[in-house]
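Beneath this line is the structure, given in structure tokens, with notes to follow.
We number each residue from 1, following the sequence as shown. Remember, it's 1-based here, ligands and their atoms both numbered in the order they're listed. Treat the numbers as computed from the prediction; the structure is a model and nothing was measured.
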Amino acid sequence: MAKKVTHNGSADSQSRLLSPTYARRAMANPISKREMPEGELDPRVAYQLITDELMLDGNSRLNLATFVTTWMEPEAQELLSQTFDKNMIDKDEYPQTAEIEMRCVQIMSHLWNAPEAETATGCSTIGSSEAAMLGGMALKWRWRDRMRAKGKPADKPNLVMGINVQVCWEKFCRYWEVEPRFVPMEGDRFCLNAEEALKLVDENTIGIVVIMGSTFDGRYENVKEVNDALVNLNKKTGYEVPIHVDAASGGFIAPFLQPDIEWDFRLPLVKSINSSGHKYGLVYPGVGWIVWRDKDQLPEDLIFHCNYLGGDLPNFALNFSRPGNQVIAQYYNFIRLGRNGYFQIQKTCQDVALYLSNQIAEMGPFELISDGSDIPVFAFTVRGEGTGDANFSAYDLSDKIRERGWLIPAYTFPKNREDLAVLRIVVKEGFSRDMADLLVSDLHHAIAYYKSQPTHIPKKAGHTVPGAAFHH
Ligand SMILES: *Cc1c(COP(=O)(O)O)cnc(C)c1O
């Protein structure tokens, strides 16, 4: 039952109840915040209540932390909202949405140079993380079949990757009981290389994950170098270790900005590729993709066939129901922008990233870890932090710049460069050259501020994210 509450109630009642002043006429009483209220609200009041609260979220356009799309055209928004009701799984009810999904897969298989003779296959997902789970499972299943065919035990699979992988690969390994084998960072090498990766490969290796656009600093790993070395190793040992490319960000950058880099199905050992439609695919969250080079790479026993929506629905996914409108928005971008449109947008992002990284390099206290010439993402560190040269840390700068609304994350690199604290900037469509200039000016102000505080002691770690407590 609703508790009786007075308006000058205790702090406790205030934290449990919603009672905005403007709604006094529409809302006779405050309503419970964390329990489902007994009665109804006028829809306009409910709408206002929630929009007001969300004003305290950051402004997504000033969020330089995220890789995820924060701006789409009004026409795309309209299309998205007209198609909210379409359930991606229900291919019998929405056959055109299903058809559009398959067209997107074909578009990507061309974009990623799948050989004509081999028929690529794939599907949409909720993001690259789900795509990684599906890609990883296909690797594991195929490895297990190979081992069984040879009469060998198949109970100790491992996956080789750089320590700079996105957390989804650690999740994959833990959830699907695969031993992760990480190539650590070393000195100025911030990602995996062929030599170190191959040292970790044995007959139980289900695959090597190579990243096109490292989460930590935006750089590309050298897929061709790994492919060529692995071709030799496979020949010498009789292994059949394949490569999966995690192109979460690079999958929609490299084909337009660096078409000559061979990282995709042009390389024979690249058997599958994932990418995030909601990153540089330029769609709002959440849509991701996985494409296999040919049907053999996706074991039949991973595919479920169900008939209770009518018709036979072959399905390989972790989710069942999922929004179809994001897939439609992906197709909108493909036909609306075409290759030239994508090129123009990605090139503009890259120009802004290079301009901004160059400006930051010239400020004095910073050193670039990357400059945005692979994907338009770069990381930089505070030079001589803690040695007396700089009395502020990456964390201080991140906090200071946030006063102006900019979200620029500071974090440390993984093993063996935990000593390195960096700031990272992701340049996306919607972050203009003008905004870059505003940011440059705010960075100058932040530096001047710390100069004026000679006794400031550099902060050692980041803030705890409010509301991020995990209830368990
Ligand atoms: C973002 C990212 C992921 C995870 O993708 P989501 O679409 O957010 O699930 C995986 N790998 C890399 C390299 C990424 O940048």
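Using bins of under 30°, 30° to 60° and over 60° for the plane-to-plane angle, the ring pair F431/W406 lands in the perpendicular bin.
For the ligand labelled ligand 1, residue S249 lies inside the 4.0 Å heavy-atom shell.
Polar contact with ligand 1: present for S276 (N/O pair, distance under 3.5 Å). For the pair W169 and ligand 1, the shortest N or O to N or O distance does not fall below 3.5 Å. Backbone and side-chain nitrogen or oxygen atoms of E130 are examined, and none is located within less than 3.5 angstrom of a nitrogen or oxygen of ligand 1.
Regarding atom 9 (O) of ligand 1, its nearest protein heavy-atom neighbour is S129 OG, 2.6 Å. At the top of the distance list for atom 14 (C) of ligand 1, counting protein heavy atoms only, stands K279 NZ, 2.8 Å.
With ligand atoms numbered from 1 in the order given, ligand 1 contributes 6 (P), 7 (O), 8 (O) to contacts under 4.0 Å with heavy atoms of H278. Of all atoms in ligand 1, numbered sequentially from 1 with element shown, those under 4.0 Å from a heavy atom of T215 are 12 (C), 13 (C), 14 (C), 15 (O). Of all atoms in ligand 1, listed by their number and element, those nearer than 4.0 Å to a heavy atom of D246 are 10 (C), 11 (N), 12 (C), 13 (C). Atom numbering of ligand 1 starts at 1 in the shown order; those under 4.0 Å from a heavy atom of C168 are 10 (C). Listed by atom number, the atoms of ligand 1 under 4.0 Å from A248 heavy atoms are 2 (C), 3 (C), 10 (C), 11 (N), 12 (C), 13 (C), 14 (C), 15 (O). The ligand atoms of ligand 1 that sit less than 4.0 angstrom from a heavy atom of G127 are 7 (O), 9 (O). Listed by atom number, the atoms of ligand 1 under 4.0 Å from G213 heavy atoms are 13 (C).
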For T205 and R181, what are the C-alpha separation, side-chain angles and deciding distance, and is it a side-chain hydrogen bond (donor to acceptor under 3.5 Å, both in side chains)? CA-CA 9 Å; T205 301; R181 292 194 177 168; 4.6 Å; no

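In the model, S393 has a side-chain atom that pairs as donor or acceptor with a side-chain atom of D396 under 3.5 Å.
The residues E418 and K415 are annotated as not salt-bridged, no charged nitrogen and carboxylate oxygen being separated by less than 4.0 angstrom. Using a 4.0 Å cut-off between charged nitrogen and carboxylate oxygen, R336 and E73 count as a salt-bridge pair.
In this structure, SG in C104 is found 5.5 Å from CD1 in I107, a value given to the nearest 0.5 Å.
Atom 4 (C) of ligand 1 has its nearest heavy-atom neighbour, among Q166, M133, E221, in Q166.
Taking every heavy atom of both residues into account, N164 and S214 meet most closely at ND2-OG, 3.2 Å.
For I211, every heavy-atom contact with ligand 1 shorter than 4.0 Å involves the side chain, none the backbone. When non-hydrogen atoms are compared, ligand 1 lies under 4.0 Å from the backbone of S128 as well as from its side chain.
Seen from the ring of F190, R219 does not count as a face-on cation partner, given the 6.0 Å and 45° thresholds. Taking the ring centre of Y395 as origin, the terminal cationic atom of K459 falls outside the region bounded by 6.0 Å and 45° from the ring axis.
At most 12 non-hydrogen atoms from other residues, nucleotides or ligands lie less than 6.0 angstrom from CZ of R404.
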